[in-house]
Protein chains: 2
Amino acid sequence: VVGLEAVLPTGEIIQCGGKIVKNATGYNLINLLIGSEGTLAVITLAILRLLPLPLQKVSLLILYKNIESAIATVQEIITHKILPSAIELMEEEAIRVAEEYIGRKLLFSNHNYTCSLLIEIDGNRKDEVERDYEELGKIALKKGAIDVFVAEDKFQQQRLWESRRAISEALKSKGEVDHEDIVVPRSKIPDLLLKVKEIEKKYKIKIACYGHVGDGNIHVNILRENRSKSEWKNIIPLLVRELFECTLSLGGTISGEHGIGLAKKPYLRMAISDQQVELMRQIKKVFDPNNILNPGKIF
Amino acid sequence: VVGLEAVLPTGEIIQCGGKIVKNATGYNLINLLIGSEGTLAVITLAILRLLPLPLQKVSLLILYKNIESAIATVQEIITHKILPSAIELMEEEAIRVAEEYIGRKLLFSNHNYTCSLLIEIDGNRKDEVERDYEELGKIALKKGAIDVFVAEDKFQQQRLWESRRAISEALKSKGEVDHEDIVVPRSKIPDLLLKVKEIEKKYKIKIACYGHVGDGNIHVNILRENRSKSEWKNIIPLLVRELFECTLSLGGTISGEHGIGLAKKPYLRMAISDQQVELMRQIKKVFDPNNILNPGKIF
């Protein structure tokens, strides 16, 4: 985002940045407004810097017997200077629910896998993209993958990504879900997922993980299933606090994409010091002295 | 920059972000602190997200009889989906001064050029980079370049970039220079340079332009030469105001890289509305209630 127009709660309109690549004229308010969850101003115009669409795209679906092999593959990809445009992790539980929801299998074959990586590689040249995915496939098999499926045409790619995209809706259709959006340094993903397994056992609850593992950003979905509402309400705060404590101890934070809002507000001070929250509250006051924009959100 | 540690003027230490790719936990203070010119906090640690170094690099020096052909080349490169890592413009005047300063010619040959582009292309594969620079060379010649020099080895590349990097120091060695750091949308570069030529004539003063034309960021150097100090002091504010008015009317801004500091402070409100400056002043107060960090800078 290189430019914004925004209306302040006091009624004034401000212009930040513009159709320019660089800007060192005063404080950068653009990134302060982005992700402020509607608490500072109403954004009425955004200028984005676009990159040309890549001419070539290939998706790979890689199946694993255990999550450790999947994570080892991700580590190796990153150290190997291959830069996929997406590396998505999907656990068996998440895939199963998505398959049921869209009414067809992710794959025709019947492999016995517990987790998968969905990887997208793009570029402008076919041979370049091919070399990348061949190298990537070799890495995956070396790290213990059961099988690697390459989706070169648009139809196959759409099928794979449809499944990935259906997961969130599919999980919601199964009943109440507590959705966490934690992020850790990429190298800490194995530790985090180990902790999730531990929590799953400890609280005797089903957890489905999926998400942008290439970014260290995992969506952890805790399924209520047959638990009573009151039991659920007691468990979740304890469970989430334990999950966040682990996330933070690994150098991560409690929201990668979705923000704090009301749902994560009780946990904000686990991630951010009181002084920093106080700075944010004061900044809020500067923009919105009458506290009329999304009052009570974030902090 | 994905993480910062900073000491507030009140003595508290804050941690923003971390070794994580994504973060939506509270307001983004990282980009507020970056470019705040030391007025908000003292940054004591920065965590950077690195990209692997490209394995292949090629530099091209392209010579032109007129600046219009150089600009037409830049436009064509951008619409052609070639993404060089650098596109630098050097006007004859800037090159001449740099050659004198480092004591050797930019080129052995004696072309009659008035401006040049120095372009760097990088990538991981030799054939890929070669195809890019061949395409780029064709574009340049089609747009009226006199000649295209390709520097494939490190020694040749160093020679070219040494000249580019010497310009700023070289200009300073020639006497007083007023250095402007304006930025405009890339498509407006020709209009901006036309205006600079007009100003050069109007004020009967020598102006040497160079800079990151691929970013729309031009360093405009106004040379004092034989003007008296008092005459210079009268001319510069008028000239700079005229240059900035043009820059802003083209949708640009008054600093792309170097910031406002004291030198550009009188012009800040040409670029940013009073309300926005007031927001910035209030943010400054939140961080630095006693006004002890770089007081008087920016606004």
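No experiment lies behind these values; they were computed from the predicted model shown. Each chain gets a letter, A, B and so on, in the order its sequence line appears, and its residues count up from 1.
- Of the atoms belonging to V183(B), heavy atoms from both backbone and side chain fall under 4.5 Å from chain A.
- Looking at I30(A), neither its backbone nor its side chain comes within 4.5 Å of chain B, counting heavy atoms on both sides.
- At a 4.5 Å heavy-atom cutoff, the contact between F287(B) and chain A is made by backbone and side-chain atoms alike.
- The candidate from L53(A), T253(A), N124(A) with the greatest count of non-hydrogen atom pairs under 4.5 Å with chain B is T253(A).
- T25(A) contributes a side-chain N or O that, together with a main-chain N or O of S255(B), makes up a donor-acceptor pair within less than 3.5 Å.
- Of the charged side-chain nitrogens involved, at least one lies within less than 4.0 Å of a carboxylate oxygen, so that R125(B) and D132(A) count as a salt-bridged pair.
- Summarising the geometry, atom CG belonging to L33(B) is positioned 9.5 Å from atom OH belonging to Y27(A); distances are rounded to the nearest 0.5 Å.
- Using a 4.5 Å cut-off on side-chain heavy atoms (C-beta onward), I283(A) and L32(B) make contact.
- Contact of D181(B) with chain A is not made at all, since no heavy-atom distance falls under 4.5 Å.
- Remark: the backbone N or O of Q15(A) is paired with a side-chain donor or acceptor of Q276(B) at under 3.5 angstrom.
- Rounding to the nearest 0.5 angstrom, the gap separating the CD1 atom in I254(A) from the CG atom in N23(B) is 9.5 Å.
- If you measure heavy-atom distances from I272(B) to chain A, the contacts under 4.5 Å come from the side chain alone.
- Interface check for chain A: of the options I34(B), T39(B), V2(B), the most heavy-atom pairs under 4.5 Å are formed by T39(B).
- Across N217(A) and K22(B), no two heavy atoms sit closer than the pair OD1-NZ, 3.4 Å.
- Atom CG in L279(A) sits 7.5 Å away from atom CD in E12(B) (nearest 0.5 Å).
- Chain B forms more heavy-atom pairs under 4.5 Å with one residue of S36(A), G18(A), G35(A) than with any other, namely S36(A).
- Your options are G26(A), S273(A), G216(A), G251(A), and the one with the most heavy-atom pairs under 4.5 Å with chain B is G26(A).
- The NZ atom of K19(A) sits 12.5 Å away from atom CG of L250(B), with the distance rounded to the nearest 0.5 Å.
- Atom CG of D127(A) is separated from atom CG of D127(B) by 6.5 Å, given to the nearest 0.5 angstrom.
- Between M280(B) and L29(A), the closest side-chain pair of non-hydrogen atoms falls below 4.5 Å.
- Each of K285(A), K284(A), K264(A) has some count of heavy-atom pairs under 4.5 Å with chain B, and the biggest count is that of K284(A).
- With a threshold of 4.5 angstrom between heavy atoms, L83(B) approaches chain A through side-chain atoms but not through N, CA, C or O.
- Using a 4.5 Å cut-off between heavy atoms, H258(B) touches chain A through its backbone atoms (N, CA, C, O) alone.
- The contact between D215(B) and chain A is made by backbone and side chain atoms together, counting heavy-atom distances below 4.5 Å.
- For E37(B), the part lying under 4.5 angstrom from a heavy atom of chain A is the side chain only.
- Other residues, nucleotides and ligands contribute over 12 non-hydrogen atoms within 6.0 Å of the NZ atom of K265(B).
- For L8(B), the part lying under 4.5 angstrom from a heavy atom of chain A is the side chain only.
- Only the side chain of R49(B) comes within contact range of chain A, with at least one heavy atom under 4.5 Å from a heavy atom of that chain.
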